[in-house]
2 protein chains.
Amino acid sequence: MDDDRVFRALADPNRRRLLDRLCDRNGQTLGQLCESMDMTRQSVTQHLGLLEQANLISTVRRGREKLHFINPVPLYEVYARWIRKFEEGRLGLLHDIKQELERNGN
Amino acid sequence: MDDDRVFRALADPNRRRLLDRLCDRNGQTLGQLCESMDMTRQSVTQHLGLLEQANLISTVRRGREKLHFINPVPLYEVYARWIRKFEEGRLGLLHDIKQELERNGN
DNA sequence: TTGACAGGCAGGTAAAGGCCTGCATATTTT
DNA sequence: AAAATATGCAGGCCTTTACCTGCCTGTCAA
């Protein structure tokens with residue numbers, strides 16, 4: 001998995017919106033996705049391209065149409081490899097601060 | 001929680017690295033964090049500023065030093081509100097594609 | 001086969017992002 | 001008090017990014 005591409009792809013609200021739309025209904029065409037995007041088709045194409053490079057979506061051509069499918073795997077991996085470790089044992093934020101301050105006699 | 005700030009903050013590899021360092025050892029000063037960052041102190045400050053705006057870290061001043069603490073809450077919320085919903089019932093990606101193709105007689 | 005429809009490709013522009021230098025401030029140490 | 005240390009602030013530069021317009025290609029249907 002390419003962490004960086006995934007995080008960068010998720011950085012844009014429009015791209016997250018596209019993922020939301022695909023989550024509502026998987027397998028939509030470019031045209032369908034454009035309807036909910038308030039920008040030109042070409043811009044949507046670019047966003048979808050970045051999502052595909054990040055492996056967050058997969059596509060299948062059907063005649064002159066192109067169907068877009070969300071791929072949950074990289075998202076899960078981001079969680080599993082990256083986010084989860086920050087949760088573990090780190091919920092004691094205030095405890096850490098307090099401890100640090102006390103260690104130095106403030 | 002401000003989704004957008006969090007995702008944008010996570011988009012940069014240097015900022016993710018900073019979070020990694022804080023995960024290794026919580027409560028480090030700016031100077032300490034700089035040692036592992038291969039860029040000027042001022043740049044690190046900017047990155048830390050974005051992380052703080054995203055509420056991914058909290059800071060405490062101690063004399064002339066500034067201690068940085070990681071805050072796992074927004075990361076958990078990103079997972080809980082956003083990532084998790086893409087996992088649920090979406091692991092059947094290939095199933096979806098196959099179904100869509102069959103529905104149209106390909 | 002011609003017109004309509006779905007999508008692809010190639011620049012061009014304006015804004016945002018990331019990094020730097022230079023200087024200022026606040027705290028500690030000598 | 002003066003020097004050293006830790007951080008803050010401002011501005012400039014260059015690259016990337018997110019849009020757009022304009023035009024081309026492939027597919028389907030009349």
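So that the names make sense, note that chain A is the first sequence line, chain B the second, and so on, each numbered from 1.
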For chain A, the stretch of DNA chain C it reaches, first to last nucleotide, under 4.0 Å of its heavy atoms
dA4(C) to dC9(C)
Strand contacts (DNA chain C) in residues 33-43 of chain A, 4.0 angstrom heavy-atom criterion
Arg41(A), Gln42(A)
Each nucleotide in nucleotides 25-30 of chain D should get exactly one letter: B, S or -. Can you fill that in based on protein heavy atoms under 4.0 Å?
-BBS--
Would you mind reporting whether Leu33(A) and Leu22(A) have side-chain heavy atoms less than 4.5 Å apart?
yes
With Arg64(B) via side chain to side chain contact (heavy atoms under 4.5 Å, CB included) - residues at least two apart:
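If we apply the side chain to side chain contact (heavy atoms under 4.5 Å, CB included) test to Arg64(B), skipping adjacent residues, there are no hits.
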Set of residues satisfying side chain to side chain contact (heavy atoms under 4.5 Å, CB included) with respect to Glu65(B), sequence neighbours excluded
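Partners of Glu65(B) by the side chain to side chain contact (heavy atoms under 4.5 Å, CB included) criterion, ordered by chain and then number, come out as Thr29(B), Arg62(B).
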Could you walk me through whether Glu52(B) and Ser58(B) pass side-chain hydrogen bond (donor to acceptor under 3.5 Å, both in side chains), step by step?
CA-CA 6 Å; Glu52(B) 191 167 11; Ser58(B) 303; over 6 Å; no
Would you list the pairs meeting salt bridge (charged side-chain N to carboxylate O under 4.0 Å, His left out) in which at least one residue belongs to residues 9-19 of chain B, sequence neighbours left out?
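Every salt bridge (charged side-chain N to carboxylate O under 4.0 Å, His left out) pair that includes a residue of residues 9-19 of chain B, provided the two are not neighbours, is Asp4(A)-Arg16(B).
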If only atom types and distance count, is the side chain of His68(B) paired as donor or acceptor with the main-chain N or O of Thr59(B) below 3.5 Å?
no
So does Arg21(A) get a backbone contact from the side chain of Gln28(A), meaning a donor-acceptor N/O pair under 3.5 Å?
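Yes.
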With Gln42(A), which residues qualify under side-chain hydrogen bond (donor to acceptor under 3.5 Å, both in side chains), at least two apart?
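side-chain hydrogen bond (donor to acceptor under 3.5 Å, both in side chains) list for Gln42(A), sorted by chain: empty.
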With Glu77(B) via side-chain hydrogen bond (donor to acceptor under 3.5 Å, both in side chains) - residues at least two apart
none
Looking at DNA chain D, which of residues 46-54 of chain A put a heavy atom within less than 4.0 Å of it?
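Only Gln46(A), His47(A), Leu50(A) qualify.
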Got a sec, which residues hit side chain to side chain contact (heavy atoms under 4.5 Å, CB included) with Gln53(A), two or more places apart in sequence or on another chain?
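Gln53(A): side chain to side chain contact (heavy atoms under 4.5 Å, CB included) contacts with Arg5(A), Leu50(A).
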With sequence neighbours left out, write down each residue that passes side chain to side chain contact (heavy atoms under 4.5 Å, CB included) with Glu35(B), or none if nothing qualifies.
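Result, side chain to side chain contact (heavy atoms under 4.5 Å, CB included) vs Glu35(B): none returned.
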Just the rounded figure in Å: distance from C1' of dT15(D) to CZ of Arg8(A).
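Atom-to-atom, Arg8(A) to dT15(D), this comes out as 12 Å.
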Who passes side-chain hydrogen bond (donor to acceptor under 3.5 Å, both in side chains) against Thr40(B), sequence neighbours left out?
Ser43(B)
